[in-house]
Amino acid sequence: MGVPTKRFAVLAVAALSLAACGGGQSAAETSDFKKEASGALTAWAFDNADDVGKARMKYAESQLSGVKITMDQTPFDAQKFTTRAASGGVPDVVQMDRAFVATYAAQGLIKPLDGCFKAHGMDPAKQFYPAVTQQVTYQDKVWAVPQFYQPAAIILNQNVLQPAGVSGEDIDTSDKAKLLGAIGKAYKASGGNPATLGFDPVAGGQAELWILGQGGRLVDDKGAPALDDPANVGALSFLKEIYDAQGGYAKAKSFSDSFDTFGKDNQFVKKQVGAQVDAQWYVNVLAPYSESLKISAVPFKDKEGKPFTVAGGTSFVIPTGAKNPDAACAWMTSLVTDEAWAAAGEARAQKIAATPGGINTGLFTGSPSADKLIRDKFVKPSGNAGFDETISTYYDVLPTGKSLGASPAGQTIKTELNNAIASALLGTKAPDKALADAQAAAKRAFDQAGS
């Protein structure tokens, strides 16, 4: 988050070039795990753990009494990881975005974990949502322990929409004419610049949602990039129409960049948006202002009019050179059990209870059973019908999640997609040209990874 796209491109190239030096063992050499765990364990990239993370780590530590755990809480960095892998100085566990997993699997820098799951009696197909498991599955092996799944939906600011005569049904991403009509009613300008966005599609942060939701794809069934798919061009053209109806991408983006997103003067409080695509965690940001806000939510819809979301998130991997893979396996799997999530749910509930006006919006874990457990036990009616409807909307879309796909060029594909979107929305390239250029760059990364 917050890393310039040029830097991502550099990191991707660095990762690929170092892979030739790092080498890797075959799946057969790395697939056996023992359930018993002891000794020292090192873990990296668990930066800024909150109450949820701390509760889960405390639970996992209680299950591994014979293991001494040392945490490096600095953020994950792709260049640092590949450098350490090449030198052999890797930790036992690394936390990373699931978009990286297939890249490092193809390079032989992480271990396949089918044997890990088997040793601890955990079936990934049952423990996690299918779309979550699919993103960490490459060449018929599972390479990571996934955690979290933040679905996207559309939060409605009724303090803007109702006076404009716009209903929730009008904010329909499957109906271009209806959506553009609603935007026209709710959008306001001042001095030629946006003052209220009728609908903020958050194209940069939710690029995959728009592409896949409009019938496009990021990768083919072999993991090769497919950014130039004709359906992707249609999705990008649709996004451009949305921004053009609100002063154009440059002005709309400049306006949204000025939002006090995490503060008391956020875009919902200040009536700067009528509707916005947001991940579930953003409901927590709005909760302290529930008394002054009037929100609700509708699902993002695919081109067929069905609720739709994508299943991105983070995961745990074991580097090929890990010194204590058995302890790593035991620790990682302990962190994603229903018991660990129940401890996290309890910690979150206690924190909310100590917060005046706090609303429990739930935890979205990547595991259907854990999500149900937490919702049933901790997510109660708040007394605010709009917030309760919003929370329910996010839970309702969970089963609709689609995998982003697993590819050795996963992070490069993500970067190039964002580059293409910016170019097309700014008008510097036609949508088909922007995606063709992105495809060429992603294909080079894919071919290099394969070699």
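Each residue takes its place number in the sequence, starting with 1.
- The CH2 atom of W341 sits 8.5 Å away from atom CG of D371, with the distance rounded to the nearest 0.5 Å.
- The pair R348-D51 meets the salt-bridge criterion, since a charged nitrogen lies less than 4.0 angstrom from a carboxylate oxygen.
- Take D172 and apply the salt bridge (Lys or Arg N to Asp or Glu O under 4.0 Å) test, not counting sequence neighbours, and it matches K301.
- Using modelled atom types and a 3.5 Å distance limit, the side chains of T74 and D72 yield a donor-acceptor pair.
- Residues passing the side chain to side chain contact (heavy atoms under 4.5 Å, CB included) test with A434 are A420, S423, A424, K429, sequence neighbours excluded.
- For K176, the salt bridge (Lys or Arg N to Asp or Glu O under 4.0 Å) partners are E241, not counting sequence neighbours.
- Among all heavy-atom pairs drawn from V219 and A406, the shortest one is CG2-N, 4.5 Å.
- Side-chain contact between T337 and Q63 is absent, with no heavy atoms from C-beta onward closer than 4.5 Å.
- The distance from the CD1 atom of I155 to the CZ atom of F268 is 5.0 Å, given to the nearest 0.5 Å.
- Although no hydrogens or angles enter the test, the distance criterion places no donor-acceptor pair under 3.5 Å between the side chain of S174 and the main chain of K303.
- Using a 4.0 Å cut-off between a side-chain N of Lys or Arg and a carboxylate O of Asp or Glu, K372 and D376 qualify as a salt bridge.
- Nearest heavy atoms, T320 versus G108: OG1-O, 2.7 Å.
- In this structure, the side chain of D114 does not engage the main chain of K141 through any donor-acceptor pair within 3.5 Å.
- Side-chain contact between Y394 and L398: absent, with no pair of heavy atoms (C-beta onward) separated by less than 4.5 Å.
- Evaluation of the ring pair (Phe, Tyr, Trp, His ring centres under 6.0 Å) test over residues 111-136, restricted to residues two or more places apart or in two chains, returns Y129-Y149.
- With rounding to the nearest 0.5 Å, the separation of CG in D228 from NZ in K443 is 10.5 Å.
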Can you give the donor-acceptor pairs under 3.5 Å from side chains of residues 205-218 to other protein atoms, not counting sequence neighbours?
residue: W210; atom: NE1; partner: P201; partner atom: O; Å: 3.0
residue: Q214; atom: NE2; partner: T173; partner atom: O; Å: 3.3
residue: R217; atom: NE; partner: D229; partner atom: OD2; Å: 2.9

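- Around the CG atom of D140, the shell of radius 6.0 Å holds no more than 12 heavy atoms that belong to other residues, nucleotides or ligands.
- For D326, the salt bridge (Lys or Arg N to Asp or Glu O under 4.0 Å) partners at least two apart in sequence or on another chain are K34.
- Side-chain contact between L113 and F33 is present, with heavy atoms from C-beta onward closer than 4.5 Å.
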Derivation and outcome, side chain to side chain contact (heavy atoms under 4.5 Å, CB included), residues L363 and F148: CA-CA 8 Å; L363 296 175; F148 296 113; 5.8 Å; no
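- Rounding to the nearest 0.5 Å gives a distance of 12.5 Å between CG of L335 and OG1 of T365.
- Minimum heavy-atom separation, A40 to N324: O-ND2, 3.0 Å.
- Side-chain atoms of D92 do not come within 3.5 Å of backbone N or O of A322 as any donor-acceptor pair.
- In this structure a side-chain-to-backbone donor-acceptor pair under 3.5 Å is missing from Q411 to F100.
- Between the side chain of S392 and the backbone N or O of E389, no donor-acceptor pair lies under 3.5 Å.
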From CA spacing to verdict: side chain to side chain contact (heavy atoms under 4.5 Å, CB included), T412, R444: CA-CA 10 Å; T412 302; R444 286 193 295 270; over 6 Å; no
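- Between L64 and A330, the closest heavy-atom pair is CD2-CB, 3.9 Å.
- Contacts of K118 classified as salt bridge (Lys or Arg N to Asp or Glu O under 4.0 Å), with partners at least two apart in sequence or in another chain: none.
- Considering only residues two or more places apart in sequence or on other chains, Y138 meets the ring-ring contact (aromatic ring centres under 6.0 Å, His included) condition with none of them.
- Nearest approach of T393 to A297, heavy atoms of both residues: OG1-O, 3.5 Å.
- Between atom CZ of residue R375 and atom NZ of residue K380 there is a gap of 10.5 Å, rounded to the nearest 0.5 Å.
- Of the possible polar contacts, one joining the S256 side chain to the K253 backbone as a donor-acceptor pair under 3.5 Å is found.
- The nearest pair of heavy atoms linking S38 to A327 is O-CB, 4.1 Å.
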Atom pairs and distances, side-chain donor-acceptor, residues 307-318, under 3.5 Å, sequence neighbours left out:
residue: T309; atom: OG1; partner: A152; partner atom: N; Å: 2.9
residue: T309; atom: OG1; partner: A152; partner atom: O; Å: 3.4
residue: T314; atom: OG1; partner: Q147; partner atom: NE2; Å: 3.1
residue: S315; atom: OG; partner: M96; partner atom: O; Å: 3.2

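- The distance from the CG atom of L435 to the CG atom of N419 is 11.0 Å, given to the nearest 0.5 Å.
- K264 places a side-chain heavy atom less than 4.5 Å from the side chain of Y289.
- Side-chain atoms of Q127 and P124, non-hydrogen and from C-beta on, never get closer than 4.5 Å to each other.
- Other residues, nucleotides and ligands place no more than 12 heavy atoms under 6.0 Å from the NZ atom of K306.
- The closest side-chain heavy-atom distance from K111 to P325 is below 4.5 Å.
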Check against side chain to side chain contact (heavy atoms under 4.5 Å, CB included), L179 and I171: CA-CA 5 Å; L179 181 60; I171 306 299; 4.2 Å; yes
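- A 4.5 Å side-chain heavy-atom check between Y249 and L239 finds every atom pair outside the cut-off.
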From CA spacing to verdict: ring pair (Phe, Tyr, Trp, His ring centres under 6.0 Å), F81, Y104: CA-CA 10 Å; F81 177 69; Y104 297 136; 4.7 Å; yes
Verdict with reasoning, V379 to Y395, per side chain to side chain contact (heavy atoms under 4.5 Å, CB included): CA-CA 11 Å; V379 183; Y395 271 109; 3.8 Å; yes
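- No side-chain donor-acceptor contact under 3.5 Å links Q280 to the backbone of Q150.
- Legend: residues meeting side chain to side chain contact (heavy atoms under 4.5 Å, CB included) with P91, ordered by chain and number and at least two apart, are T42, W44, R84, V94.
- Every residue meeting the side-chain hydrogen bond (donor to acceptor under 3.5 Å, both in side chains) condition with S367, not counting sequence neighbours, appears here in chain and number order: S369.
- Listed by chain and number, the residues in a side chain to side chain contact (heavy atoms under 4.5 Å, CB included) with Q267 are F259, T261, Q272, V273, Q276, Y282 (sequence neighbours excluded).
- Annotation: side chain of L197 is in contact with side chain of F255 (closest heavy-atom distance under 4.5 Å).
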